[in-house]
J.: 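Below: one structure in structure tokens.
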Amino acid sequence: MQGKQWYKDIAVYQIWPRSFCDGNGDGIGDLTGVLSKLDYIKDLGVDAIWFSPLYPSPNADYGYDIADYKDISPDYGTLEQFKTVIDEAHKRGLKIIMDLVINHTSDRHKWFLESKKGDDNPYHDYYFWRKGKKGAKKPPNNWRSVFQGGAWEYDKNLDEYYLHIFAKEQVDLNMDNPKVREEVKSILRFWLDLGVDGFREDVITYISKKEGLPNGFPLPVGTGMEHFTNGPHLREYLEEFRAVLDEYDCFTVGEAPMMTPKTALKFIKEDDKQVLNMMFHFQHMSADNIIHNWMRTPFNPAKLKRVYNRWQTKLYGKAWNALYLENHDQPRIISRYGSEKYRVESGKMLATMYICQSGTPFIYQGQEIGMLNANIEHIEDYVDVSTLNNYQMFKKFHLPEKFIMSLCKYASRDNARTPVQWTAEKNAGFTTADKPWFAVNPNYREINVAAAEADPNSILHYYRKLLRFRKENPIVRYGDFELLKTAAPVFAYRRRYEGKTLLVINSFSANEQDFRAPYDFNMHAADLVLSNYDTAPLVHNGFVMRPYECRVYLK
Ligand code: NOJ
């Protein structure tokens, strides 16, 4: 039965530590920086922080290649300091969510270094080592890496290949080995005992691979994905982990590429078989692309509305949504679904559009001040492994440099990874070092936290208001969802709960749009509780929407 667990009432702020705030002046964000911003985070009106990986890592994929699961990277501080962060956060009523990356380890993790020593090493079976085909000339199967290229790397010494669904420095763990699952349980306990309140589980739906690792559909259609997504033992393994998690008061959100509501319900439906509390699906991030950001299409609001309608209605009363528009993998949302020209209007509209839905909202660092894509001109200035690999792949197809760079500017994950813009001072107040580890977006003089604090009309103040509204009105969390028929670029929905009705109206257009409320909702009798423009009069039971206008009415 669906209950009112605490994780349904919270909003979560995501920190990608390297670019959040540098406290020791070495150009890299760290825990001292985090400590100095806890009050800022609390003031935003969120109730939890999700940390992208803080573990020691060679940074082939900036922390998502873990070299030690039970420590903090010296770049960020010490375990002791992290304990202080937990305590200080808890004092302020903020929960702490760790990133749990167990599909793969770094190729420098001691388990992998051991496993390379020989077939008889006890760690050999922690990973997928296989003989190649045709005298080792060909890999064991045709699977492709999510970051481009084949998913197998050859080791001359062993004369075997190892599997890596992501970068070659991210080696897939063999979760079928019970010892590996015991390691995972011990990692869970380690952090829970330290005081964390939950986990965001990285590509958790990839952890069980089909027995025999068979070939996938041949290219260009496939990557082998059908053999490692929602694999045969996924439920079983998650149940094992759940048993540990159940000993604590914590929650989990699983990252789930290619997920649909129907499949999600098999994992997150609130019955005794539930294994995760919620899932990050990707379907709403494809309104400007086909499947992934590198296959760009014009933004299509109709597609976005269809996806939201499906997730909101299919999960309602059965399971809980995780709501997000940005994270460290996604380019900035205003640059994608909004408008840089109407940055403030569209930033507020996008916030309203997703936070007024049912689910737990996640807000990514810098999103709350309307940070934009970085528009980095030259490939030498990118650092993200998937961008660099995609660039090489497009080069192989002899696509023009200008076209490839336009894709990088739009799709690169580096767009989300520029340092947070705190002030208009040098390096945006992110660091006192001469040079931050990664370039600051040149627009920091206009777009920064200090400027947003000083401007009562800023996106930042709007987020605060919106999150307060969500907290004070159970209808925002628990109401049902009805998509309204509108002009294509207008996304309007109605929610009902305990005799109240909420009407949320959002325009994705730079042109005026007519909106008319349903006949059984009298707008004149409702309160306008949130909006991103000065109030303009209603015309009959509707109004003419200005560029990217949003309004929320409560009755
Ligand atoms: C998803 C993470 O969000 C992303 O940053 C990472 O590259 C992959 N999983 C692999 O860990």
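This structure is a prediction, so every number in the text was calculated from the model and none was measured. FYI, the numbering just counts along the sequence from 1. Whatever order the structure lists ligands and atoms in, that order sets their numbers, starting from 1.
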J.: Of F251, F241, W191, which is the lone residue that meets side-chain contact (heavy atoms from CB on, under 4.5 Å) with F199?
T.: W191
J.: So, do N103 and F166 sit near enough that their side-chain heavy atoms are less than 4.5 Å apart?
T.: yes
J.: Is it true that D202 and R200 have a side-chain N and a carboxylate O under 4.0 angstrom from each other?
T.: yes
J.: Show which atoms of ligand 1 fall inside a sub-4.0 Å distance from at least one heavy-atom site of H104.
T.: 10 (C), 11 (O)
J.: Counting each atom of ligand 1 from 1 as listed, which ones have a heavy atom of E255 under 4.0 Å away?
T.: 1 (C), 3 (O), 9 (N)
J.: Can you pull out the closest protein heavy atom to atom 6 (C) of ligand 1? Residue, atom name and distance to 0.1 Å, please.
T.: D61 OD2, 3.2 Å
J.: Strictly by modelled atom types, are H328 and Y64 linked by a side-chain donor-acceptor pair under 3.5 Å?
T.: yes
J.: Below 4.0 angstrom from a heavy atom of R413, which ligand 1 atoms are there? Numbered from 1 as shown, please.
T.: 4 (C), 5 (O), 6 (C), 7 (O)
J.: Give the atoms of ligand 1, by number and element, whose distance to some non-hydrogen atom of H328 is under 4.0 Å.
T.: 2 (C), 3 (O), 4 (C), 5 (O)
J.: Could you tell me which atoms of ligand 1, counted from 1 in the order shown, lie closer than 4.0 angstrom to a heavy atom of D329?
T.: 1 (C), 2 (C), 3 (O), 4 (C), 5 (O)
J.: If we ignore angles and hydrogens, is there a donor and acceptor under 3.5 Å between the side chains of N293 and Q330?
T.: yes
J.: Among all protein heavy atoms, pick out the one at the shortest distance from atom 8 (C) of ligand 1; state its residue, atom name and that distance to 0.1 Å.
T.: F166 CE2, 3.8 Å
J.: Hey, can you tell me if H281 and H284 have their rings parallel, tilted or perpendicular (30° and 60° cut-offs)?
T.: perpendicular
J.: At a non-hydrogen distance cut-off of under 4.0 Å, which region of Q330 contacts ligand 1 (side chain, backbone, both, or neither)?
T.: neither
J.: Can you say whether the rings of W143 and H227 are parallel (under 30°), tilted (30 to 60°) or perpendicular (over 60°)?
T.: parallel
J.: Would you check whether F147 reaches within less than 4.0 Å of ligand 1, judged by its heavy atoms?
T.: yes
J.: Nearest protein heavy atom to atom 1 (C) of ligand 1, by residue and atom, and its distance?
T.: D202 OD1, 2.9 Å
J.: For ligand 1, indicate whether the residue F280 contacts it via side chain, backbone, both or neither (heavy-atom separation under 4.0 Å).
T.: neither
J.: Taking only Lys NZ, Arg NE, NH1 and NH2, and the carboxylate oxygens of Asp or Glu, determine whether K395 and E401 approach each other closer than 4.0 Å.
T.: yes
